[in-house]
Amino acid sequence: MRTADNVERRELVLTGELTVPRPDALLIGGRWQRSSGPSVEVVSPVTGQPVATVVSPSLDDADAAVAAAAEAYRGEWPRLPLTDRREICARFCELLEANLDWIGAVWAVESGIPVRWSKTLHRFAAQAAWRTALASAEAALAPETRSTPVGEVLLEHGPVGPVLAVLPYNGPLATMGSKVIPALLAGTSVVVKAAPESALMMRVVAQCAVEAGFPSGVLSILAGDVEVSRHLVRHPAIELISFTGGPVAASDILVQTAQRLPRTVFELGGKSPAVLLDDVDLPRAMRSLVAGAMSGAGQVCAALSRIVVPASRHDEVVDALAGAYRGLRIGDPSDPATEHGPLANRAAYERTVGFVKTAVAEGASIACGGQRPPGFDTGWFYEPTLLVGVGEQDTVVQQEVFGPVTVVQPYDDVEDAVRIANSTEYGLAASTYSADRDRALAVARRIRAGSVAVNTFGPTMAAPFGGVKRSGWGRECGPEGIREFTETTQILLG
């Protein structure tokens, strides 16, 4: 059972001056509310030891959040002028931007994401996503009039209904920008289900939401486990589920919702190739290849995990990548100098270890990495790892590791390169590199992926983004991302 919280705000002190608001409460319907849900320990990926204890949402809390969202959807929020909704959302985003350093520092403690990487991710992904949404909302939601053989028709884009936004642990703030802000602008109410690995930083986000002044019921934020997530997915009042995660969980969502058929938007995993053409300027390409493959310890859905190279330049590329990987500074994610931090949790570490063991058993060789780094005896650290000699059907080539593991695949000619790039079930992102941009662009157009970058890595979250094949459906970001949270109504004018 929950009680409305009218007492003075409490804070949890993590280290020194680093605090987290309301470890004993949850944001439900726009207000901090106490919960009788279970207390859970937040474990440091650096040490493997608990660093905090917070309350986790119960199923009652999940029901309360959905009830609040349904009431808000029936109330004033969808009927507010867009200018008013945008003003509140803009205030929320401004508060988030003012507190990015705080958010990044807390995130480093609980998820092991280096503050060096979070600064980049939050600037070029999160901010780009919500600023683009704020700027494009009016055009995206504007009614249209068309002429038809039976008279004029008015097309209006109204909010779809209460939304469940399921955020991943590797980019909760970025997906706030790609899912939650567009949904709120469209006029929907939103229940956010964040990962347990972001329970602390999402409390900072929740405090920003409180201060932004959303109307009652419009926004709830719950960082809970799989049981809470499945309960929310099955809730009959949820009209749309926007999920970022793996294809197995997405398939489970489809099974859980098969009888009532809510709309779904899935941004799933990837096995993204970087295709280097034979004329590539390798030193220049390395500037983005290493970041594209190893940012966030490879825990990025669009990570360039397959480097597809000309056979004639294979050894040169392997030597350059292995040297760059060995040179990455491994350390405490809270240190601004750290380039490579730990994996987020034990499961991610063990999954990575298992993939490398399987790859070696299937015939791959380790060019660099492949172990816990020397001197890091605690936590979930794993070296940046480069594998060569892999077969096209090897497990590490076909399945997403979601860890710091890259494979190199040689090709004979451009046709072979395109075939290899398209040879997995995934199609989220890709990159092509060439000294001739037109050549790189020609190859980019032949790769089956929702996002392809030329001489860099991507995607940008200031434009529509999503996957094909097993990497999902629907699009996030840009005006198209706002439209995902609407229903288009045809009004025929007699």
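Along the sequence shown, the residues carry numbers beginning at 1. All heavy atoms count here, side chains included; hydrogens, waters and symmetry mates do not.
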Enquirer: Anything under 30° is parallel, anything over 60° is perpendicular, the rest tilted; go ahead and classify F376 against F381.
Expert: tilted

Enquirer: Is a donor on one side and an acceptor on the other found under 3.5 Å between the side chain of R86 and the backbone of A137?
Expert: no

Enquirer: If we only count heavy atoms from C-beta on, is the E415 to R446 side-chain gap below 4.5 Å?
Expert: yes

Enquirer: Out of Q393, Q398, Q399, which one pairs with T395 under the side-chain contact (heavy atoms from CB on, under 4.5 Å) rule?
Expert: Q399

Enquirer: Under 3.5 Å, is there a donor-acceptor pair between the side chain of R475 and the main chain of G450?
Expert: no

Enquirer: What I'd like to find out is whether the side chain of C89 reaches to under 4.5 Å of the side chain of L184, using heavy atoms alone.
Expert: yes

Enquirer: State, yes or no, whether a side-chain contact exists between L167 and S198 at a heavy-atom distance under 4.5 Å.
Expert: no

Enquirer: Once you round to the nearest 0.5 Å, how far does CD of Q409 lie from CG of D394?
Expert: 9.0 Å

Enquirer: Please report the shortest heavy-atom distance between L276 and Y411, naming the atom on each side.
Expert: O-OH, 2.6 Å

Enquirer: Drop me the distance from Q299's CD to E400's CD, to the nearest 0.5 angstrom.
Expert: 10.5 Å

Enquirer: Tell me the closest heavy-atom pair linking D281 and P283, and the distance in Å.
Expert: OD1-CD, 3.2 Å

Enquirer: Checking S295 side chain against G292 main chain: does a donor-acceptor pair fall under 3.5 Å?
Expert: no

Enquirer: For V180 and L219, what are the C-alpha separation, side-chain angles and deciding distance, and is it a side chain to side chain contact (heavy atoms under 4.5 Å, CB included)?
Expert: CA-CA 9 Å; V180 180; L219 181 61; 4.0 Å; yes

Enquirer: Looking only at the side chains, is there a donor atom on one of S242 and K179 sitting less than 3.5 Å from an acceptor on the other?
Expert: yes

Enquirer: For the residue pair A174 and M461, what are the closest heavy atoms and their distance?
Expert: O-CE, 3.7 Å

Enquirer: Just by distance, do the side chain of R203 and the backbone of A199 share a donor-acceptor pair under 3.5 Å?
Expert: yes

Enquirer: Between the side chain of R372 and the main-chain N/O of G379, is any donor-acceptor distance below 3.5 Å?
Expert: yes

Enquirer: Could you check, using the six-membered ring where one of them is a Trp, whether W117 and H122 have ring centers closer than 6.0 angstrom?
Expert: no

Enquirer: Check whether more than 12 heavy atoms from other residues, nucleotides or ligands sit under 6.0 Å from atom CD of E316, and answer yes or no.
Expert: yes

Enquirer: Restricting to salt bridge (charged side-chain N to carboxylate O under 4.0 Å, His left out), what partner residues turn up for D101, sequence neighbours left out?
Expert: K119

Enquirer: Using the salt bridge (charged side-chain N to carboxylate O under 4.0 Å, His left out) criterion, which residues pair with R439? Sequence neighbours excluded.
Expert: D278, D279

Enquirer: For the NZ atom of K357 and the CD atom of E350, what is their distance to the nearest 0.5 Å?
Expert: 9.5 Å

Enquirer: Can you name the nearest heavy-atom pair linking A297 to P342, along with the distance?
Expert: CB-O, 4.3 Å

Enquirer: Taking salt bridge (charged side-chain N to carboxylate O under 4.0 Å, His left out) as the test, write out the residues that go with E267, two or more places apart.
Expert: none

Enquirer: Answer whether the closest heavy-atom distance between the side chains of F124 and Q127 falls below 4.5 Å.
Expert: no

Enquirer: Indicate whether the side chain of S288 and that of Y433 have a donor and an acceptor atom separated by less than 3.5 Å.
Expert: yes

Enquirer: Between R326 and C368, is there a donor-acceptor pair closer than 3.5 Å when you use the side chain of the first and the backbone of the second?
Expert: no

Enquirer: May I ask you to say whether E97 pairs ionically with R131, meaning some side-chain N is under 4.0 Å from a carboxylate O?
Expert: yes

Enquirer: Answer yes or no: is there a side-chain heavy-atom contact under 4.5 Å between V153 and I491?
Expert: no

Enquirer: Is the closest side-chain donor-acceptor distance between W380 and T352 under 3.5 Å?
Expert: no

Enquirer: Does the side chain to side chain contact (heavy atoms under 4.5 Å, CB included) test come out yes or no for M294 and L328, once each step is laid out?
Expert: CA-CA 9 Å; M294 283 294 148; L328 291 174; 4.1 Å; yes

Enquirer: Are any of the side-chain heavy atoms of R263 and I241 separated by less than 4.5 Å?
Expert: no

Enquirer: Show, in sequence, the C-alpha distance, side-chain angles and deciding distance for E197 and E110, and conclude whether the side chain to side chain contact (heavy atoms under 4.5 Å, CB included) test is met.
Expert: CA-CA 6 Å; E197 292 84 0; E110 66 178 338; 5.9 Å; no

Enquirer: Would you say the side-chain atoms of S431 pair up with the backbone N or O of T456, donor to acceptor, closer than 3.5 Å?
Expert: yes

Enquirer: Flag the pair Y325 / P404 as yes when at least one side-chain heavy-atom distance between them is below 4.5 Å, and no otherwise.
Expert: no

Enquirer: Between the main-chain N or O of H340 and the side-chain N or O of R329, is there a donor-acceptor pair closer than 3.5 Å?
Expert: no

Enquirer: Are the charged groups of E152 and R146 less than 4.0 angstrom apart, N to O?
Expert: no

Enquirer: Which pair of non-hydrogen atoms, one from V414 and one from V443, has the smallest distance, and what is that distance?
Expert: CG1-CG2, 3.9 Å

Enquirer: For L428 and Y426: C-alpha separation, side-chain torsions, deciding distance, then whether side chain to side chain contact (heavy atoms under 4.5 Å, CB included) applies.
Expert: CA-CA 6 Å; L428 186 63; Y426 294 98; 5.8 Å; no

Enquirer: Indicate the atoms forming the closest heavy-atom contact of V233 with Q256, along with that distance.
Expert: CG1-CB, 4.0 Å

Enquirer: Could you tell me whether the side chain of L386 reaches within less than 4.5 Å of the side chain of V408, counting heavy atoms only?
Expert: yes

Enquirer: Rounded to the nearest 0.5 Å, how far does CZ of R448 lie from OG of S471?
Expert: 10.0 Å

Enquirer: Checking H157 against R483: is there a side-chain donor and acceptor pair closer than 3.5 Å?
Expert: yes

Enquirer: Can you tell me how far CG of L96 sits from CE of M176, rounded to the nearest 0.5 angstrom?
Expert: 6.5 Å

Enquirer: In Å and rounded to the nearest 0.5 Å, what is the OG to CD distance from S178 to E484?
Expert: 11.5 Å

Enquirer: Quick one: does any side-chain atom of S434 pair with a main-chain N or O of V280 as donor and acceptor, under 3.5 Å?
Expert: no

Enquirer: More than 12 non-hydrogen atoms from neighbouring residues, nucleotides or ligands closer than 6.0 Å to CZ on R260, yes or no?
Expert: yes

Enquirer: Kindly say whether W102 contributes a backbone atom to a donor-acceptor pair with the side chain of N99 at under 3.5 angstrom?
Expert: no

